[in-house]
Amino acid sequence: MGGITIWAEAEGSESEPKAKSLARSKATDRSVRSTQASSTQATSTRLTPKQLGEIAEAEFIAKAVGMGFVVARPWGDSEPYDFIVNPKKSFIFWRVQVKSAHVVGADGGCSFRAHDHNQKSYTAEDIDALVAYARPMNAWYVMPVRVVEELKSLMLYPESRKRRSRFEKWREGWEVLRRAVRRARVRI
């Protein structure tokens, strides 16, 4: 299965001198990157955090659908989760929040926020699973919400043999989304 290609265009104005415009057009040629390219950090500096998150969400959709899941997106952005994920031919539905890291820290780790926009940690009332995507290493961590409840952030070290996080067992844990969701019963 092929990767998703993201097209980016260098900014420029019509009033720029021709030499500067040529330099920009060469930069534009270099700015076309595959999402699986190793130059993620160079691309990351040109895009806003929102755009990077949208790219990660698109890559999540492609990955999940490629693995046989049905992926739906709730209307608007007022829900605490990004997607509803369902293994085909089942009545299992997961509310999934996708988080991504696009830069590797000096310690070789990727840092992820495990909270919403109000700095509130995710709970089982909000989501069923958190998917953390370390984009520079193309590493996916699929965790049930109970693993990240009460956390504000987490560090993952996908390429380190010395530094392992306690979340490593959830790397490529897509089978989590094939199991029945354990939700607390809501009393009316």
Side-chain angles (χ1 to χ4, degrees), residues 1 3-4 35-36 40 44 49-50 52-74 77-88 90-105 107-186:
M1 184 173 215
I4 298 171
T35 58
Q36 296 176 349
T40 301
S44 298
K50 181 163 178 53
L52 292 171
E54 290 166 347
I55 290 168
E57 288 177 357
E59 290 184 74
F60 169 79
I61 292 169
K63 177 81 171 182
V65 168
M67 296 184 75
F69 292 99
V70 175
V71 179
R73 186 170 187 90
D77 61 357
S78 56
E79 296 300 328
Y81 50 91
D82 294 320
F83 300 101
I84 300 166
V85 178
N86 163 252
K88 287 182 180 175
S90 78
F91 289 104
I92 300 169
F93 296 91
W94 286 78
R95 298 168 299 163
V96 176
Q97 176 64 38
V98 176
K99 296 291 185 177
S100 60
H102 299 265
V103 178
V104 179
D107 62 353
C110 292
S111 177
F112 296 86
R113 294 182 180 149
H115 59 77
D116 64 15
H117 295 293
N118 297 322
Q119 307 292 316
K120 181 181 159 272
S121 297
Y122 291 112
T123 68
E125 290 180 14
D126 305 317
I127 65 174
D128 300 314
L130 183 125
V131 174
Y133 178 41
R135 191 163 180 256
M137 296 91 163
N138 194 28
W140 295 90
Y141 293 79
V142 183
M143 300 170 265
V145 67
R146 66 178 161 74
V147 175
V148 296
E149 279 183 313
E150 307 296 320
L151 296 179
K152 295 283 186 181
S153 65
L154 52 127
M155 286 293 294
L156 301 174
Y157 301 91
E159 291 189 337
S160 175
R161 293 183 190 264
K162 292 180 182 178
R163 295 190 81 161
R164 299 302 250 185
S165 77
R166 63 184 174 140
F167 306 106
E168 198 59 31
K169 68 181 176 182
W170 302 105
R171 186 173 182 168
E172 299 300 331
W174 296 95
E175 72 281 352
V176 166
L177 301 179
R178 296 190 191 284
R179 291 182 256 176
V181 180
R182 287 190 233 159
R183 291 192 184 105
R185 298 207 186 267
V186 179

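The analysis underlying the following values was restricted to heavy atoms, covering all of them including side chains, and did not include hydrogens, waters or symmetry mates.
- Applying the side-chain hydrogen bond (donor to acceptor under 3.5 Å, both in side chains) rule to Trp140 yields no partners; only residues at least two apart in sequence or on another chain are considered.
- With sequence neighbours left out, the salt bridge (Lys or Arg N to Asp or Glu O under 4.0 Å) criterion links Lys88 to no other residue.
- Here Arg171 pairs with Ala139, Tyr141, Pro158, Glu168 under the side chain to side chain contact (heavy atoms under 4.5 Å, CB included) rule; sequence neighbours left out.
- Legend: residues meeting side-chain hydrogen bond (donor to acceptor under 3.5 Å, both in side chains) with Tyr157, ordered by chain and number and at least two apart, are Asp107, Arg163.
- Each of Leu130, Val96, Val85, Leu177 was checked for a side chain to side chain contact (heavy atoms under 4.5 Å, CB included) with Val142, and the lone residue meeting it is Leu177.
- Annotation: side chain to side chain contact (heavy atoms under 4.5 Å, CB included) contacts of Ser90 (sequence neighbours excluded): Asn86, Pro87, Ile92.
- Legend: residues meeting ring pair (Phe, Tyr, Trp, His ring centres under 6.0 Å) with Tyr122, ordered by chain and number and at least two apart, are absent.
- Partners of Thr123 by side-chain hydrogen bond (donor to acceptor under 3.5 Å, both in side chains), not counting sequence neighbours, listed by chain and number: Asp126.
- Taking the salt bridge (Lys or Arg N to Asp or Glu O under 4.0 Å) definition, one finds that Arg73 meets it with Glu57, sequence neighbours left out.
- Few gaps surround CZ on Arg178; more than 12 heavy atoms of other groups in view lie less than 6.0 Å from it.
- Residues passing the side chain to side chain contact (heavy atoms under 4.5 Å, CB included) test with Ile84 are Ala72, Tyr81, Phe93, sequence neighbours excluded.
- Here the closest non-hydrogen pair linking Leu151 and Ser121 is O-OG, 2.8 Å.
- Every residue two or more places apart in sequence or in another chain was checked for a salt bridge (Lys or Arg N to Asp or Glu O under 4.0 Å) with Glu79, and none qualifies.
- Take Glu172 and apply the side-chain hydrogen bond (donor to acceptor under 3.5 Å, both in side chains) test, not counting sequence neighbours, and it matches Trp174.
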